[in-house]
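I have placed the structure first, in the form of C-alpha cells, so that the comments after it can refer back to it.
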Amino acid sequence: MRAFHVKHFDVVVIGGGHAGAEAAAASARMGARTALVTMSAATIGVMSCNPAIGGLGKGHLVREIDALDGIMGRAADEAGIQFRLLNRRKGPAVQGPRAQADRKIYRHAIQRLLAATAGLTIVEGEVVDLKMGTAGDIEGCVLADGSEISASAVVLTTGTFLNGVIHIGDQRKTGGRVGDAASVRLAERLGAMDLARGRLKTGTPPRLDGRTIDWSKLESQPGDSEPTMFSFLNKAPVQRQVSCGITHTNEKTHDIVRANLSRSAMYGGHIEGVGPRYCPSIEDKVVRFADKTSHQVYLEPEGLDDHTIYPNGISSSLPVEVQEAYVRSIVGLESVEILQPAYAIEYDFFDPRGLRPGLDVENTPGLYFAGQINGTTGYEEAAAQGLVAGSNAAAAALGCDSLRFDRATSYIGVMLDDLIGRGVSEPYRMFTSRAEYRLSLRADNADQRLTQFGMDRGLVKAERKAAFEAKMTALKAGRALLSGQALSPKDLALSGIVVSQDGQRRTAYQVLSIAGVEPAQLDAMVPGWAATPSDIKVQLSYDALYAQYIDRQKNEARGLSQAMAREIPADFAFSEMSGLSAELTAKLQRLRPATLDDAARVEGMTPAALTLILACLKKAERSRVAGA
Amino acid sequence: MDTIFALATARGKAGVAIVRLSGPGAFKAAVSLCGSLPQRRRAALRLLRSDEAVLDQALVLSFDAGQSFTGEDVVEFHLHGSVAVIQAVLKELSHLDGLRLAEPGEFTRRALENGMLDLTQVEGLSDLIEAETEAQRRQALRVLSGAIGQRAEIWRKTLVRIAALIEATIDFADEDVPVDVSPEVSSLMATLLDALRNEVRAARSAERVRAGFEVAIIGQPNVGKSTLLNALAGREAAITSEFAGTTRDVIEVRMDVDGLPVILLDTAGLRETADPVERKGIDLAVRRAEAADLRVYLLESADEAAAITLRPGDLRVVSKADQAKNWEGLSVSGLSGQGIDALLAAISAELGARIPIDGVMTRERHIAAMRSAIEALESAQIEVTGGMQLAEVAAADVRRAIAAMDVLIGRLGVEDFLAEIFSSFCIGK
C-alpha cells in the first residue's frame, strides 16, 4: 500500500478563476492557512470571456472588493489599457468604472498578488473528490495523484465544469472536465448532496485577427482623458492606453444570420439551458429585435502585444463558415480572419437558494460555493462571491463569527440576498437597478461603506488601513469646514451660485448639495477649503449631492419599515398557516426569513401572503401578551 | 388550522338565522349534524340532530375551498330564527373536535388571508355593512368589487413602465439602447398625474359619501337656526327659545337626504359678545362652518350681508318665509314647515352634483397614499423635464410612487389598518 502525503490547511480553495483567486486571497488575509488548488498555476486569473473588467453595477462590485482589500481592482488597474467611467454625464451614484484589460498582464498581476499573500500556498493538481467526515461535514479533498489535503473548509469555484457542453453549430463537445474519469467522482459526490440543479448557457463571439481589420474605416473610441481607477490605492494607469474600434452589423449581416438560423445550436434546438436576456447572441438580436437594422459592435483589443480582437456584441453558436460569412459582411471586417470561432456553452449550476449568507451549503458544514456554480455570470460577480466565501470559510475555520453583507450597505449584500432569497432563472448579473439603496451604494464611497468593517474583521492589511484612515481624516476635516460656514444668498450670488433670495443662511455643505455647484466655487467663501485636496473636495460634493434624497428615503422608509422590520421568530410555524401555497410554505420554512421585509423578497411572495404572515405575527404577539 | 363557526345574522328573533362554518373541518362537522351534505352550491333541507334529538329543520348550503367567501370549505345552516334554536346549534358545534367560535371579523380576515379579497375590498365590505343610504350602498359595492385594486394595478403598470425606461438609460448606457426615452416618460407621467389628481379630487366627495356630508346652518343669533334644524330633522334635536345665544355647542344630526348621508350642524349665532362662553361657541361655529362641505346661511332679511365668506354652492336662505318679499331665493319657516322641502331639494342637488360618478377612494388612507404617489411623481417629473441629469433620483422618486400604490392595495404598511379593519367587524360577518 502506498503511503499518501497529507497536507494540512485551514481552508482549501478549488479553482483559480476570478472567484477562486479572490477567495484564496481573502481567506489568507483573514489569517487562515490557505491552499489554492488548480490544474495549472499558469492559468490562475485567466479572463476566459471578454477582456474587460467593471461596468455598471460590476464596477461597483470591484470597488467593494477593493474596499475590503481584495485583489481584482489592483490587478485591473495594472492591466488596464483603456479606462472609461460609464454614465459620466449622470449622477455619481450610477457611474461605473470600466477598463479594457490586457489579458496577459491581468493574469500575471493576479498571480503576483497571490504569490505575495502571506499564508497562501498554490497547489497544482486535479481535485477528484471531497473528503467527508462521518457527520457529513467537510474534511478536505483528494487529488488525482492520490494525495490528500485536509482542511476544515473547502471553497468550490468550479465555473462551468458541471456537465459543460460546448456548441458550435451542430457540433458539440463536452467541455469542463466531465469526460475525465477522475472528475466523475467529484461530480458524483456533489450529485449525491441533494442540491437542486438548473441549466444555463452563455456564449462568446468569434475572436478576430486585428491585423486583418481595416481600422481606417472604423470609428475609434478612446478612453477617458482623466482615467478613473478601480482601486482606492491607485491614481493613474500603468500601461500604455489604446482605443477600441466601433462598427455595426447591417441588413446583410442579419440576412445571413436569418438564413442560417436553423443551423445555430441555440435555434436548432440543441441547447436547453437558459441564456442571459441582457447579453443576447446575434441570433437572438436578429430574431427578437427584427425591426432593428443595425447593432453596435465594439472591437476590443485583448492586449498590448496581442493582435486578438474581441468583437463585443456578436456572440453566436452558428457553424464556423456562417460565422465567417456574417462577420465579413460587417464594415471594416470584410477580409477578417477568425482566430477562434464563437461558441455557446451550457452548464449545470446549483440552486443558490440552498446556500446560507456566507455562501456555505446548507447541511454540509465546511462546504462553500462561489461563482458560476451559483448561477451567476461575470468576473466581478464571481470575485465578489469568492471574497464572501473565502472570508467566511476562514472565519469558520478560525472559529470566528461569519461576515454578513446586507442590501443596505453593499452591492455584495444585494447579490447574496438576491441569489439566496430568489434564486436565478437566467445567469445572474449585477445591475445598479437591483439596489434599492442605490443613491447610498456608490462606487465612490465603497471604502466609506466597507473598509472599516474589513479592518474590524481582519480582511484589510496595513497599507490600505493607513490610506483609508488618512482619507477619512481629510474627509472629516473638509466636512467640518463646510458645516461650520454659513452663507447667505447674497454671499452665494457673488460667487455665481443662484439660490432663492429667502434670506436663509445655508451651510456650505448644504450649498454643495445643490446640483451643478462645483466645489471650487466655494474656495473664496470657506476658509481653508481652497487648500483641501481636490479628490477630497469631489468626494464631499458627492456625499452632499444625495444627502437630502437619502434623508427623505430614510424617513419614508421608516414608516414602511416599522411593519417590514417586524421580526419573524425563528420558530415561527409557516406550515401551520392556511392560505399559503405548499410551494411558498416550503420555501419559507427553508429560507426562514428573519423579518417581514426578507419575506417580501422571497420569490413567489404575494401581497395576500405577506398580509397573512403579518396578521399571524400580530396574533401570536397578542396571545403571548395575553398569556404573559 | 382551526375550523370556525358563528352566527352570521343579527342576534334575536327573526324569520331566518344563518350559522356559518369555515375551515378544513367544516364539511365533516356539518355532516355530523345533518347526516349528509347536499350537492355543492345547491340548497337542500336537512334535519339537524344532536345524537338522536332533532335540533331544527334547516336549509343547508356548502361551498368548496377556493369558491367560497373565505376561500376555505364553507357550510351554511339556514335555521329558523329562534334564540333557542341558535343556542342549541352553536352549542352542538362547540362540542365538536377542532371547531371553535370565530373571533370578531375572522371570516373576513380569512378571506383576506386567502387572497379572496384585497385590503381595499375588505374596507369596501366593511362600508357596505355599515351603509345606511343609497349612495353609500352603491359606492361600497364598487369598492367591494375591487375597483381600487384594478385601478392601482393599472397605475402601477404605468409606473413600472416609467421606471423601466429610466432604468434602461442608467444600466444600459453603454449598450445598444441610445434611444431618448424622455418623450415617452414625460407623456406617461403627465397622463398618470392627471389620472391620479382627478381621483384625489373625486376622493374627497367619495370619502364624504362614506362618512357623511357636513352641512352647517349659520346666521345671526335668534334667526331660527335651531328651529330649522329641528324641522329638517323632523324631531326636537336642538333646544329652541326666544333668547338669543341659546345654542352654544355644535349640535349634530345625521339624516338621509335623497340617499345622501348628511350631518346637519346647528351652530351658535354669530355676533360680538362679551360672554366668554358664548365667544368660544361662536369661534367653534365659525371653524366648523368653514370646514363643512356646505353652508346654509340663514338670513333675517333678504338684504342682510353674511358675516362669513360664503363659497360657491353655499345656500342663502331667508328665515321668515312670509316676510321675504322681493326675494326669489330660498326661504323657509321652521315653524310652519314652509320651504323645507325646497331647501332639502337644494341641498340634495348641490351635494349630489359633487358625487363622483365612479369615485372609489373612500378613506383618508386611500387619499394619503394617492397624495404621496402624486408628490413623488411630481418630483420625478421635475427631474425628467430638467433633462435627467440625475436620472437615478428620478428613478428613486418613481419607486416611491410605486411603494405608495402598494400601500394603497395593502401590499405594505398595512399594520395599522389591519387592527382597525378587523375590529370593525362583528362575529360572523
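When reading the values below, keep in mind they use all heavy atoms of this one structure, side chains included, and skip hydrogens, waters and symmetry mates. Because the structure is a prediction, the values reported are computed rather than measured.
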Query raised in the report: Does the side chain of A:N87 reach to within under 4.5 Å of the side chain of B:T169, using non-hydrogen atoms?
Result: no
Query - Side chain proximity check, B:I170 to A:T432, heavy atoms < 4.5 angstrom - result: yes
**Report entry** B:K28 atom NZ, over 12 foreign heavy atoms within 6.0 Å
**Finding:** no
Query - Residue A:Y546 versus chain B: region with a heavy atom under 4.5 Å - result: side chain
Query raised in the report: Hey, what do you get for CZ (B:R400) to OH (A:Y549), rounding to the nearest 0.5 Å?
Result: 10.0 Å
**Report entry** Contact check, side chains of A:L439 and B:E392, non-hydrogen atoms, under 4.5 Å
**Finding:** yes
Query raised in the report: Is the count of non-hydrogen atoms from other residues, nucleotides or ligands lying under 6.0 Å from A:R89 atom CZ greater than 12?
Result: no
Query raised in the report: Is the backbone of A:F431 close enough, under 3.5 Å, to the side chain of B:D171 for a donor and an acceptor to pair up by distance?
Result: no
Query raised in the report: Is the number of heavy atoms from other residues, nucleotides or ligands within 6.0 Å of CZ (B:R371) greater than 12?
Result: no
Report task. Measure the shortest side-chain to side-chain distance between B:R399 and A:S433 over non-hydrogen atoms and say whether it is less than 4.5 angstrom. Result -> yes
Report task. With the side chain counted from C-beta on, respond yes when B:E167 and A:R438 share a heavy-atom pair under 4.5 Å apart, and no when they do not. Result -> yes
Query raised in the report: More than 12 non-hydrogen atoms from neighbouring residues, nucleotides or ligands closer than 6.0 Å to CD on B:Q67, yes or no?
Result: yes
